[in-house]
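One structure below.
Below, chains carry the letters A, B, ... as their sequence lines are ordered, and counting in each starts from 1. Note that the coordinates shown come from a computational prediction; the quantities given were computed from them, not determined experimentally. All values below come from the heavy atoms of this structure, side chains included, with hydrogens, waters and symmetry mates left out.
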Protein chains: 2
Amino acid sequence: MGLLIVVDPSSGVPVYRQLMDQIKFHIASGLLGPGDELPSTRALSSELGVNPMTISKAYSYLEKENVVERRPGRPLIVRDLTGEAMTDQRMKQLRESLTAPVRMALQLEIDREEALKLFREMIDTSEEDADERR
Amino acid sequence: MGLLIVVDPSSGVPVYRQLMDQIKFHIASGLLGPGDELPSTRALSSELGVNPMTISKAYSYLEKENVVERRPGRPLIVRDLTGEAMTDQRMKQLRESLTAPVRMALQLEIDREEALKLFREMIDTSEEDADERR
DNA sequence: AGAGGTGAATCAGTTTCGTAATACACTATA
DNA sequence: TATAGTGTATTACGAAACTGATTCACCTCT
C-alpha cells in the first residue's frame, strides 16, 4: 500500500511543499530508511489526485537538498544521512534556518537564557510528539 | 540627517522587508528608542528612491507587529517593548520563528544537544557583533 | 527489439506578491 | 480657515510562484 501522505490543496501551503515535508518527516520517523524507494510519480499522482509534475517538483527539490538520490529511469531512493560526511551539511542547513530566530531574539532584546530555554523546551516536546507516533 | 538605511532592490528580498529589518535592527541597537519618530514616508521615499507606498507598507507591518505606534496625521513613533506587558508577545513571536528550525532539527535527526549548542553559539556571536557596533 | 515502467524538460494558464500612481483623511501651525 | 505636513486606502500593473498537459529520455525485463 501507499505511504501515509495526505495533501490539502486549500491549506495555503503549496502542495509540493506539503509533499516534501511529509516525506522528510517519514524519513525522520524511521518509516522510510536509506535505500528505500519512493513511490513513483504516477502512483502518488493518481493516489492523491495531484498532477505528476507537482510530485516531480517535490522530488526535484528533495534531490537538491540531498535527501533523495535520483537514478535515471528508476525510482528515487532515500539517501543515508547518518554518515559522517553528511553531518557538516546538515548542521549547515540548521544554521541557516536559525539565522532568522537569532536575529529576532537580538531585535526583541530577549535574554540569551530565555531564548535558549524556549528552544530547548520546543525541541523536547517535538521529540516527544515524534516518539508517540513511532 | 537621515537614518542609516540602505536598500538593494535587486537583492531578491522585498524592499518593504529590508526596511522593516533595518528599522528593527536600529531599535535593537539603541539608535532608535521608545518615543522616537520614524522618518516620514515622503522623506525616506525621496532619500532612497523608493515609492512612498512601499515605505508605508513597511510601516504598516511594523505597526501590526506592535513595534511602532501609529498616530493619524502624525509621524509614527517607536513603542516601548521593554515593559512586562510586552514580554509574552515577544516570546510568542520568537516561538513562531523557532518552529521551522525545530522541525528541521527533527527531520535531519540532529541531536538535541548539538542543536542547542549551535543556537547558543550563534546567539553569543551575534550579541558580540551588536556590542561592537554600540 | 518491444513493452511498460521510471523521472523530467518544456510550455501554458492562473493566482499571488511586490511595487507604484493617484487621491483621500487627518493634524499642526499660522 | 488655509496650508503644508503626516500616513494610507484604492487601484493597477508587472513579475514571480504554483499547478497542470504534453512530450521526451532513460531503464528493466521479456
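Between A:Tyr16 and D:dC18 there is a side-chain N or O to OP1 or OP2 distance below 4.0 Å. Contact annotation: A:Arg70 side-chain N/O to C:dA8 OP1/OP2 distance is under 4.0 Å. One finds no side-chain N or O of A:Ser56 lying less than 4.0 angstrom from the OP1 or OP2 phosphate oxygen of C:dG7.
The nearest whole Å value for the distance from the NZ atom in A:Lys57 to the C1' atom in D:dA21 is 16 Å. Rounded to whole angstrom, the span from the CZ atom of A:Arg74 across to the P atom of D:dC27 amounts to 11 Å. If you take CG of A:Leu44 and P of C:dA8, they are 13 Å apart, rounded to a whole angstrom. Between the CG atom of B:Leu19 and the P atom of C:dG18 there is a distance of 13 Å, rounded to whole Å. Distance, A:Asn51 CG to D:dT23 P: 14 Å, rounded to whole Å.
Residue A:Arg42 holds its CZ atom at 11.5 Å from CD1 of A:Ile55, rounded to the nearest 0.5 Å. Interatomic distance, B:Asp8 CG to B:Leu48 CG, rounded to the nearest 0.5 Å: 12.0 Å. Distance CD1/A:Ile123 to CD/A:Glu121: 11.0 Å, rounded to 0.5 Å.
Each of B:Arg71 and A:Arg71 has a nearest nucleotide on DNA chain D; the 5'-most of these lies closest to B:Arg71. Residues B:Arg42 and A:Pro14 each lie close to DNA chain D; by heavy-atom proximity, the contact nearer the 5' end of the strand is made by B:Arg42.
In this structure, B:Leu76 reaches the sugar-phosphate backbone alone: every heavy-atom distance under 4.0 Å involves primed, P, OP1 or OP2 atoms, never a base.
For A:Thr54, the listed nucleotide lying nearest its side chain is D:dT19; candidates were D:dT19, D:dT22, C:dA21. If you check C:dA8, D:dG7, D:dC26 against the side chain of A:Pro72, the one that comes closest is D:dC26. Here C:dT10 is the nucleotide among C:dT10, D:dC27, C:dT19 with the atom lying nearest to any side-chain atom of A:Met53.
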Subject >> Evaluation steps, side-chain hydrogen bond (donor to acceptor under 3.5 Å, both in side chains), between B:Ser11 and B:Gln18 >> reply: CA-CA 10 Å; B:Ser11 74; B:Gln18 295 182 44; 3.0 Å; yes
